[in-house]
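Here the structure comes first, spelled out in structure tokens, and everything after it is commentary.
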Amino acid sequence: MTTVELRFSAQPEHVRTARLVAAAVARRAGVDEAVLDEVRLAVGEACSRAVGLHRSHGITAPVSVVLIEEEKSFSVEVGDEVPGPGDDPALGGPAGASATRGATPGAGLDGPDHESDADGEDEMGLAVISGLVDDVEVRSGANGGVIRMSWPKTPATALP
């Protein structure tokens, strides 16, 4: 299993670099050429979402992107450090609970209107990713969230 890890500051201009690196690693891993645009778009959407979450919550930690080449698949994990809703024990929520962000409109520090707009963008981003990738998993907990996306690798053809 080969792994490449990127970490970048939560700035929109770095999303393009993450997209390009993901596409290059996917190509080298053996992902079909016809699927590379989907990889590029899905990674860009997931990274943009993570950047937006970091910026809206004032988090200065970097966004992480882990590219994993396995025997039959290529996976990308985009992680942020924004705790999911209800994960703050001081507010009465269970620490470590798993939830999808955007499930509680109006529950943010920025006020109801801003939070509702952010939730709408968050849900739209997840919908776009789900439309591009067949195998998607979204996890959220007290330490942040991860979107894991996987694509099959093209089997290598042996030449006679």
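- Summarising the geometry of L67 relative to A22, their closest heavy-atom pair is CD2-CB, 3.9 Å, with the distance given to 0.1 Å.
- No side-chain heavy atom of V133 sits less than 4.5 Å from a side-chain heavy atom of E38.
- The backbone N or O of L53 lies less than 3.5 Å from a partner atom in the side chain of S56, making a donor-acceptor pair.
- Remark: R7 CZ is packed, more than 12 non-hydrogen atoms of other residues, nucleotides or ligands lying under 6.0 Å away.
- Put simply, the side chain of V78 does not reach to within 4.5 Å of the side chain of V146, judged on heavy atoms.
- Closest approach of A42 and I129 over heavy atoms only: O-CG1, 4.1 Å.
- Between R139 and E137 there is a salt bridge, with a side-chain nitrogen of the basic residue lying less than 4.0 Å from a carboxylate oxygen of the acidic one.
- Note that the CZ atom of F74 and the CG atom of D32 stand 13.5 Å from one another [nearest 0.5 Å].
- Neither side chain, E45 nor S48, offers a donor N or O lying under 3.5 Å from an acceptor on the other.
- Under the side chain to side chain contact (heavy atoms under 4.5 Å, CB included) test applied with E77, the options V65, I147, I68, T3 reduce to a single match, I68.
- The two residues V35 and W151 have their closest heavy-atom pair at CG1-CD1, 3.4 Å.
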Trace of the side chain to side chain contact (heavy atoms under 4.5 Å, CB included) decision for R49 with D80: CA-CA 9 Å; R49 178 180 177 272; D80 63 66; 4.2 Å; yes
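- Expressed to the nearest 0.5 Å, how far NE2 of H54 lies from OG1 of T60 amounts to 9.0 Å.
- Between E70 and S75 the shortest side-chain heavy-atom distance falls below 4.5 Å.
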Intermediate values then yes/no, side chain to side chain contact (heavy atoms under 4.5 Å, CB included), C47 and F8: CA-CA 10 Å; C47 288; F8 63 90; 4.0 Å; yes
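- A 4.5 Å side-chain heavy-atom check between V136 and R148 finds every atom pair outside the cut-off.
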Verdict with supporting geometry, V31 and L36, side chain to side chain contact (heavy atoms under 4.5 Å, CB included): CA-CA 7 Å; V31 173; L36 291 178; 4.2 Å; yes
Test side chain to side chain contact (heavy atoms under 4.5 Å, CB included) applied to V66 and V4, step by step: CA-CA 6 Å; V66 181; V4 174; over 6 Å; no
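- Contact check on E69 versus K153 returns a salt bridge, with a Lys/Arg side-chain nitrogen under 4.0 Å from an Asp/Glu carboxylate oxygen.
- R55 places a side-chain heavy atom less than 4.5 Å from the side chain of P12.
- Closest approach of P62 and E81 over heavy atoms only: O-OE2, 4.3 Å.
- Taking CZ from R19 and NE2 from H14, the interatomic distance works out to 15.0 Å, rounded to the nearest 0.5 Å.
- Annotation for V63 and A50: closest pair CG1-CB, 3.8 Å, computed over non-hydrogen atoms.
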